There are 2 protein chains.
Amino acid sequence: MPGKADLSKLNCSVAGALNIVGDWWSLLILRDALMGVRRFSEFKQSLGLARNILADRLRRLVEDGVLIREGSERRPLYRPSEKGRALAPALIALMQWGDVWVSKSRPPVVVTDHEGRKIDSITLQANGRALSFDELRFEPGIGAAPHTRAFLAKLARRERNG
Amino acid sequence: MPGKADLSKLNCSVAGALNIVGDWWSLLILRDALMGVRRFSEFKQSLGLARNILADRLRRLVEDGVLIREGSERRPLYRPSEKGRALAPALIALMQWGDVWVSKSRPPVVVTDHEGRKIDSITLQANGRALSFDELRFEPGIGAAPHTRAFLAKLARRERNG
DNA sequence: ACAATTGGTCCTAGATTGCAACCAAATTGC
DNA sequence: GCAATTTGGTTGCAATCTAGGACCAATTGT
């Protein structure tokens with residue numbers, strides 16, 4: 001079946017997330033929604049994507065519970081749900097990475113708290129203490145298939161040896 | 001020009017980031033690489049994607065400096081660069097979101113520190129204090145185009161009024 | 001009442017994806 | 001040392017997805 005991948009079979013939460021917001025536009029639509037964009041035409045103007053694609057993505061994001069469609073049937077508003085708002089850390093982590101590693105110019109948008117203080121750069125922590133990448137380990141979880149277990153064990157073994 | 005969007009013109013760091021890792025496979029390839037996967041055939045087996053797509057994505061990720069291609073020309077190893085490792089927070093934030101909001105089963109992979117303690121869930125903070133979504137503000141940055149400024153001002157105005 | 005705006009749908013051309021077949025170099029088995 | 005297998009791709013084809021524009025019904029504005 002050519003055309004598009006079905007990531008939902010990969011038994012991986014990243015794949016599950018990407019199956020919902022993994023295409024080129026969905027995350028940008030959500031970012032606009034989190035910033036306060038609500039109307040079809042505003043998304044269209046802000047992102048400059050084709051109408052049919054925008055309609056399709058909005059429908060899908062509503063189906064997946066990331067956005068809520070409300071107001072009149074013919075002129076709806078799209079508002080982020082709690083599930084959508086919960087993506088803010090991932091989105092902002094991506095933005096910060098883009099600021100540091102991709103953009104040539106200074107950041108166009110800054111995220112602050114309600115008193116205008118720039119938010120901290122997002123880090124990995126355990127028990128409130130920051131972790132470097134080298135301290136991370138990937139362990140099989142409760143939902144790990146045998147095949148996943150073997151896979152992780154092989155990688156960990158290699159890490160220790162070579 | 002149908003086919004694919006050029007996100008690089010959006011003057012947005014999220015778009016810049018997505019222009020590099022915004023397709024269905026790139027982030028999953030990077031996730032594997034961060035977990036220790038190194039060889040073409042290992043990525044292929046782990047993700048189950050087509051060979052030509054994998055070859056294309058690996059080449060692009062190397063071009064963009066996220067992965068480093070090393071070892072023999074004919075049997076290279078792909079290792080995450082510092083730029084690639086810097087994506088770990090965004091990736092893990094996405095994984096945590098998938099664990100909570102998407103997966104039906106228990107998490108297949110758990111990220112811990114070097115002593116096996118589960119890492120904290122990733123949150124937004126300012127001055128070390130956790131922020132709720134409602135406390136966030138999106139302000140124009142130094143690199144904001146006039147059009148971006150007007151856009152953000154309109155959204156902020158609306159937030160205050162209606 | 002009338003024109004403009006909004007929120008779509010439909011159609012078409014071109015780009016992208018997945019799959020299978022193929023291939024050369026490197027590694028393995030004996 | 002030599003054949004067989006594995007590795008890391010490339011190429012071609014068919015199906016799918018994308019961008020863009022034309023079109024349309026229902027609100028909204030005047």
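Predicted model only: the values in this text are computed from it and were never measured. Throughout, protein chains are lettered first and strands after them, A, B, ... in sequence-line order, and every chain is numbered starting at 1.
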Rounded to whole Å, how long is the line connecting atom [atom1] of [X] with atom [atom2] of [N]?
X: A:I53; N: D:dT16; atom1: CD1; atom2: C1'; result: 12 Å
X: B:L77; N: D:dG8; atom1: CG; atom2: C1'; result: 12 Å
X: B:R39; N: C:dA25; atom1: CZ; atom2: P; result: 18 Å
X: B:R57; N: D:dG8; atom1: CZ; atom2: P; result: 19 Å
X: A:R60; N: D:dC17; atom1: CZ; atom2: C1'; result: 10 Å
X: A:L54; N: D:dG20; atom1: CG; atom2: C1'; result: 14 Å
X: A:L49; N: D:dC17; atom1: CG; atom2: C1'; result: 14 Å
X: A:L28; N: D:dT18; atom1: CG; atom2: P; result: 14 Å

Next on the checklist: On DNA chain C, compare the nucleotides closest to B:S72 and A:S41; which residue's is nearer the 5' end?
Outcome noted: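 Residue closer to the 5' terminus by nearest nucleotide: A:S41.
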Item to check | In one Ile/Leu/Val/Met/Phe/Trp/Tyr side-chain cluster, 4.5 Å: A:F138, B:L30 | outcome: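 Yes.
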Next on the checklist: Would you say A:W97 ends up clustered with B:I68 if hydrophobic residues are merged whenever their side chains have heavy atoms under 4.5 Å apart, either directly or through other cluster members?
Outcome noted: no
Checklist entry - Could you go step by step and tell me if A:I29 and A:V37 meet the side-chain contact (heavy atoms from CB on, under 4.5 Å) rule? => result CA-CA 9 Å; A:I29 291 172; A:V37 174; over 6 Å; no
Next on the checklist: Check this for me: does any side-chain nitrogen of one of B:D64 and B:R60 sit under 4.0 Å from a carboxylate oxygen of the other?
Outcome noted: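 Salt bridge absent between B:D64 and B:R60.
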Next on the checklist: Quick one about B:R69 and B:Y78 (side-chain donor to acceptor, distance below 3.5 Å, no hydrogens or angles considered), yes or no?
Outcome noted: yes
Item to check | Residue-level proximity of residues 19-26 of chain B to DNA chain D when a heavy atom falls under 4.0 Å | outcome: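 Contacts with DNA chain D under 4.0 Å: none.
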Item to check | Side-chain heavy atoms of A:L136 within contact of B:I92, under 4.5 Å | outcome: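 They are in side-chain contact.
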Checklist entry - Between B:R85 and B:E82, is any pair of side-chain heavy atoms under 4.5 Å apart? => result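 A side-chain contact exists here, since the closest heavy-atom pair is under 4.5 Å.
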Next on the checklist: Show, in sequence, the C-alpha distance, side-chain angles and deciding distance for A:I122 and A:D120, and conclude whether the side-chain contact (heavy atoms from CB on, under 4.5 Å) test is met.
Outcome noted: CA-CA 6 Å; A:I122 292 180; A:D120 304 339; over 6 Å; no
Checklist entry - Minimum heavy-atom separation for A:A126 to B:K118, with atom names? => result CB-O, 4.3 Å
Item to check | CA sep, side-chain torsions, deciding dist, call: B:R129, B:E135, side-chain contact (heavy atoms from CB on, under 4.5 Å) | outcome: CA-CA 12 Å; B:R129 232 176 28 77; B:E135 296 176 277; 4.2 Å; yes
Checklist entry - At how many degrees, to 10°, do the end axes of the helix from C:dA1-D:dT30 to C:dC30-D:dG1 meet when each uses five pairs? => result 40°
Which pairs, protein N/O on one side and nucleotides 8-11 of chain C N/O on the other, fall under 3.5 Å?
unit_1: C:dG8; atom_1: OP2; unit_2: A:Y78; atom_2: OH; d: 2.7
unit_1: C:dG8; atom_1: N7; unit_2: A:R51; atom_2: NE; d: 3.1
unit_1: C:dG8; atom_1: O6; unit_2: A:R51; atom_2: NE; d: 3.2

